[in-house]
J.: 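A single structure is presented below for examination.
Nothing here was measured: the structure is a model prediction, and the numbers come from that model.
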There are 2 protein chains.
Amino acid sequence: MPKRQSRSNDRRRDILQAALRAFTEHGLSATTVEMICEGSGASVGSVYHHFGNKIGVATALYQQGLEEHFDALHARATAAEDARGVIAALIESFIDWTTENPDWARFIFAVRADMMQSEAAEKLTAANKERVKALRDLLAPHVEQGHIRQLPFELYQPLIHGPVLTYVRAWLAGRTASAPTEHRETFVQAAWRAVGNE
Amino acid sequence: MPKRQSRSNDRRRDILQAALRAFTEHGLSATTVEMICEGSGASVGSVYHHFGNKIGVATALYQQGLEEHFDALHARATAAEDARGVIAALIESFIDWTTENPDWARFIFAVRADMMQSEAAEKLTAANKERVKALRDLLAPHVEQGHIRQLPFELYQPLIHGPVLTYVRAWLAGRTASAPTEHRETFVQAAWRAVGNE
DNA sequence: TACTTTCTAGAATAGGATTCTAAATGCCAA
DNA sequence: TTGGCATTTAGAATCCTATTCTAGAAAGTA
């Protein structure tokens, strides 16, 4: 690996890490670019060189998080053996990623709206479409085989993910005593009752 | 009603309305206080007099929306005749309020995180505790009578509301073809399957 | 080594939130 | 009705911070 790239990547990574710490502590709008510089050792110019602007830093963090999570989810769901296994994979990989990266997850939930109003909105929407399509492909065969109820597609995500999503958000906000990991089975079961055919 | 108060209230109302329009169009951070002034006819001083700062305006809008929605929900749930009726009331009043006030609802979802990092966080959290408690009181008798499954309390909200909540968010973001009103029964049924005892 | 591209620094600029002072308005008591 | 007090409004001045800009350092290339 060439030295320049590696130094450059290090800087990028340091900036992202410092930014996540700052966003976590102060929130997106209250963290200043200066804080990010102090936390990362980078200069203002460097931050702008790599990310364009403050929202650019947030966007990179956001995108990268979604990708990382989705890749894990996809791998797991693909490996599942039956319909219920796919559902379980979706829910459990969500629980795992968010509990392993609570700050990152909290950040993503917090800024989703801001992202969708930023310049990057289009790009993010496109990437999201891809992921939705991939999900559709994961479910389709099981729907055809009658193991999952036939429903308007846009209902699957809410019915399957809605409860965990809501619970995880509450947990990340500190409004919940027990961690999501303790209710895996409850959420899988609820999802299965909602969309499974049995 | 004294004239002064009424003029003052009018101004408050005008500012809030203009602010919601601006927030809807540009997002919280991109709307300037000047936009709010132009949209409402109020001066900078007036806005600051009534709301303290820009986030203060957003906070008022946020609080007022939650209250309005909760009052409707509570009235409806109280009037319900059985356990399933309570569940249905929770879900349907949520659907109704959000579809009747889409901009307001979209705003509330978008800024929840910002609110929780503002000065008003404590106050908002306290108000929320009240509402959660009221919900608990609504469900408790039916749990005791065995019509609703006994579960850790913090699971009810996700299991009951999670799916609609997720769907409504998607709909408000334009990611959904059909309105939530068309799936009332689906969501009530899913909630009932998740927590009902039958 | 000379030349090009990428990256970093940090000072200068610009935009907008917030503060501040003065004035207008409304209320109340005499 | 008037004078005094509290509330509300105006808008200019201030301050903070995102962003831009220019110069120079570092790395890559031939």
J.: Can you check whether A:H50 has a side-chain N or O nearer than 4.0 Å to OP1 or OP2 of C:dT8?
T.: yes
J.: How many Å lie between CD1 on B:I55 and P on C:dA17, as a whole number?
T.: 11 Å
J.: With respect to the side chain of A:K54, which nucleotide from D:dA18, C:dA9, C:dT19 is positioned closest?
T.: D:dA18
J.: I need the B:S43 OG to B:I15 CD1 distance, nearest 0.5 Å.
T.: 8.0 Å
J.: If the cut-off is 4.0 Å, is B:R11 near the phosphate of C:dT25, judged by side-chain N/O to OP1 or OP2?
T.: no
J.: Quick one: A:M35 CE to D:dA18 C1', roughly how many Å, whole number?
T.: 13 Å
J.: In whole angstrom, what separates B:E38's CD from D:dG11's C1'?
T.: 14 Å
J.: Rounded to the nearest 0.5 Å, what separation is found between the CG atom of A:L73 and the CG atom of A:L138?
T.: 7.5 Å
J.: For A:H69 and A:F94: C-alpha separation, side-chain torsions, deciding distance, then whether side chain to side chain contact (heavy atoms under 4.5 Å, CB included) applies.
T.: CA-CA 7 Å; A:H69 168 226; A:F94 179 74; 3.7 Å; yes
J.: Looking at B:S43, I'd like to know whether one of its side-chain N or O atoms comes within less than 4.0 Å of OP1 or OP2 on D:dT9.
T.: no
J.: When you measure from the side chain of B:H49, which nucleotide among D:dT7, C:dG10, C:dT18 comes out closest?
T.: D:dT7
J.: Given atom CG of A:N53 and atom P of C:dT13, what is their separation to the nearest angstrom?
T.: 22 Å
J.: From D:dT9, C:dC7, D:dG11, pick the nucleotide closest to the side chain of B:V44?
T.: D:dG11
J.: Under 4.0 Å from OP1 or OP2 of D:dT9: is there any side-chain N or O of B:R12 that close?
T.: no
J.: Between C1' on C:dG16 and CG on B:L28, what's the gap in Å once rounded to a whole number?
T.: 14 Å
J.: Give the nucleotide from the list C:dT8, C:dA17, D:dT19 with an atom nearest to the side chain of A:S46.
T.: C:dT8
J.: Given atom CD of B:E34 and atom P of C:dG15, what is their separation to the nearest angstrom?
T.: 12 Å
J.: Between B:R84 and B:E92, does any side-chain N to carboxylate O distance fall below 4.0 Å?
T.: no
J.: Rounded to whole Å, how long is the line connecting atom CD1 of A:I15 with atom C1' of C:dT8?
T.: 10 Å
J.: If each of A:T31 and A:G45 is mapped to the nucleotide of DNA chain D with the nearest heavy atom, which maps nearer the 5' terminus, i.e. the 5' end?
T.: A:T31
J.: Do B:V195 and B:L139 share a hydrophobic cluster (ILVMFWY, side-chain heavy atoms under 4.5 Å, transitive)?
T.: yes
J.: For the pair made of CD1 in A:I36 and P in D:dT17, what is the distance, rounded to whole Å?
T.: 13 Å
J.: What nucleotide, of D:dT17, C:dT8, D:dT9, holds the atom closest to the side chain of A:T32?
T.: D:dT17
